[in-house]
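Numbers restart at 1 for each chain; the letters A, B, ... are given by sequence-line order, proteins then strands.
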2 protein chains.
Amino acid sequence: MMAPKNTIQQQLQIVAQCSLFCDLAPADLTAVLQTATHRHYTSGSFIFNQEDKANTFYVLLAGSVRMTQITPEGHQIIVHFFTPGHGVGIIAALGNFNYPLTAEAVEDCDLLVWNRELMNHLMEKYPKLAINAAKMLAVRFNELQDRYRELATERVERRVARTLLRLTKQAGKKMKDGILIDMPLSRRDLAEMTGTTIYSVSRIISKWEQDGLVKTRREQMTICSPHGLVTIAEDLPPVKPAN
Amino acid sequence: MMAPKNTIQQQLQIVAQCSLFCDLAPADLTAVLQTATHRHYTSGSFIFNQEDKANTFYVLLAGSVRMTQITPEGHQIIVHFFTPGHGVGIIAALGNFNYPLTAEAVEDCDLLVWNRELMNHLMEKYPKLAINAAKMLAVRFNELQDRYRELATERVERRVARTLLRLTKQAGKKMKDGILIDMPLSRRDLAEMTGTTIYSVSRIISKWEQDGLVKTRREQMTICSPHGLVTIAEDLPPVKPAN
DNA sequence: CGCGTTCTTGACTAGAATCAATGCATGTGG
DNA sequence: CCACATGCATTGATTCTAGTCAAGAACGCG
């Protein structure tokens, strides 16, 4: 519907860097890309829903995507935020089951789209593609495992600190008063990312704001002292000289 | 060193069913298997250690393997138990980083072994292999994600119930007085699998034992009423008629 | 300007961790 | 075969983190 944010040129660059396509012979890469179609999602729209049949395979070119999962009891958790260059829905499409989670565009998004079977054929034809997919999955698996360990062994405050630090890496934008997390980010989001409640998050953030570590507005967050957050995330003693 | 528990014949059967090798042309399968070597680990020995360089790739033929991870603070968590037919160390070997966890033989084990680079070549030659690896990873990823969600949203008792139910599926052996979990399983193991402490586990198990749901000995566990555990795991009301 | 969100804060509670003491098995060596 | 050491398991008392509930403030939007 709308024109994509970036030019085709720029998008190709993003794709070529994307770990799914790296190391692919240039000719093969263009062949693979020619089989893709292109879709735009406006902010707030859903790319797919939990329990949908997974027969599509996406690569995010522009925008950001929030992956959530909702339990039978109605608890929602946020599993991942995707930024450009990452594959979306790959796991479900590989495994040929239903999407275990919902993908929502939190900003306007451009995505490359493949049909599941088509991608399977491509992988048989270009083994590198399958190997890359597996590697990408391996990396994501490790990230998830780390977060699992954190959840199992760490306090809420540390988990929130870690999550914010991760977000600065993913979507941080340097401003004069600190690093802005450049996407809408509510207390609820943070709570659902760290496995806690909005109340606990609010208390923690309030305290940090008093200590000058962060500045917040509604659904927005600036990290003034990344180092201070690291101190909390790593459970180092605060800046007192005495130990 | 020692003769394997099963005959080569039996092992081939296991391997052929293993999701890593299924759908492979029989000729290709034998070709792939011929490149593997074979190793035996005695109970209690370590297959690899956290932080080792990951250049080996295993498939478990017999025995069981416990995967643990230890945090800088010294908290240990159990990430997975492997039973025959599963790939061990695959993720790290794919991603070409260090093993993020330790693999320990909890019983005598037989494994097939490949060198990392060799497996990479094999995958380029037999794309099906790479696709299967990716699919296998996708399945494990989903399992991990489920457990992550449980950890984030559920109480300890439910998590312990779920874990025991999973173990009955993985290593359950039908006995006359219930389903025996056929591997050494201490309170500590359960605590590290569910993200809690041995004290909480002990209290919960004691209560269940009083209610006749389970029977325990040292490092051993029999589930007398799987249904009762399901009731707890799903948070259904107990067997009272009134709601 | 009124409405719906989002966010904050306080009071209270409960689930689970921690600490400490003790009881049991199991295996060891005199 | 018994005394002992060791590791595993239980239980009670206590503490504390974080969840729950409730009320209201601040913000943004139509």
Nearest-0.5 Å distance, CD1 of residue A:Ile77 to CD of residue A:Glu192
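CD of A:Glu192 is found 9.0 Å from CD1 of A:Ile77.
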Ignoring backbone atoms, establish whether [X] has a side-chain N or O less than 4.0 Å from OP1 or OP2 of [N].
X: B:Ser200; N: C:dA17; result: yes
X: A:Thr197; N: D:dG19; result: yes
X: A:Ser206; N: C:dT9; result: yes
X: A:Arg187; N: C:dT8; result: yes
X: B:Thr196; N: C:dA17; result: yes

Taking 4.0 angstrom as the limit, do [X] and [Y] come out as a salt bridge?
X: A:Arg166; Y: A:Glu150; value: yes
X: B:Glu154; Y: B:Arg149; value: no
X: A:Arg162; Y: A:Glu234; value: yes
X: A:Arg39; Y: A:Asp110; value: no

Rounded to whole Å, please give me the gap between [atom1] in [X] and [atom2] in [N].
X: A:Leu190; N: C:dT6; atom1: CG; atom2: C1'; result: 13 Å
X: B:Trp208; N: D:dT10; atom1: CH2; atom2: C1'; result: 16 Å
X: A:Gln220; N: D:dA26; atom1: CD; atom2: C1'; result: 16 Å
X: B:Arg217; N: C:dA25; atom1: CZ; atom2: P; result: 11 Å
X: B:Arg158; N: C:dG15; atom1: CZ; atom2: P; result: 14 Å
X: B:Asp189; N: D:dG7; atom1: CG; atom2: P; result: 16 Å
X: B:Lys207; N: C:dA16; atom1: NZ; atom2: C1'; result: 13 Å
X: B:Leu185; N: D:dA9; atom1: CG; atom2: C1'; result: 13 Å

For the side chain of [X], starting at C-beta, report the closest nucleotide among [options].
X: A:Arg155; options: D:dT17, D:dC21, C:dC7; value: D:dT17
X: B:Ser202; options: D:dA18, D:dT10, D:dT20; value: D:dT10
X: A:Glu219; options: C:dA17, D:dA9, C:dC7; value: C:dC7

Computed from five pairs at either end and rounded to 10 degrees, the angle between the axes of the helix from C:dC1-D:dG30 to C:dG30-D:dC1 is 30°
On DNA chain D, more 5' by nearest nucleotide between A:Gly195 and B:Ile198 is B:Ile198
Next on the checklist: If you go through the side-chain atoms of A:Arg203, does one of them form a donor-acceptor pair with the base of D:dT20 closer than 3.5 Å?
Outcome noted: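 Flag set: donor-acceptor pair detected.
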What about B:Arg218: does its side chain form a donor-acceptor pair under 3.5 Å with the base of C:dT26? no
* Asked: Is a side-chain donor or acceptor of A:Arg188 paired with a backbone partner of A:Ile198 at a separation under 3.5 angstrom?
  ->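 Not confirmed, A:Arg188 side chain does not pair with A:Ile198 backbone.
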Checklist entry - Do we see a donor-acceptor contact under 3.5 Å between the side chains of B:Ser186 and B:Glu219? => result no
Check: In terms of ring plane angle, is the pair B:Tyr99 and B:Phe48 parallel, tilted or perpendicular, where the classes change at 30° and 60°?
Finding: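 Taking B:Phe48 first and then B:Tyr99, their aromatic rings lie parallel (interplane angle under 30°).
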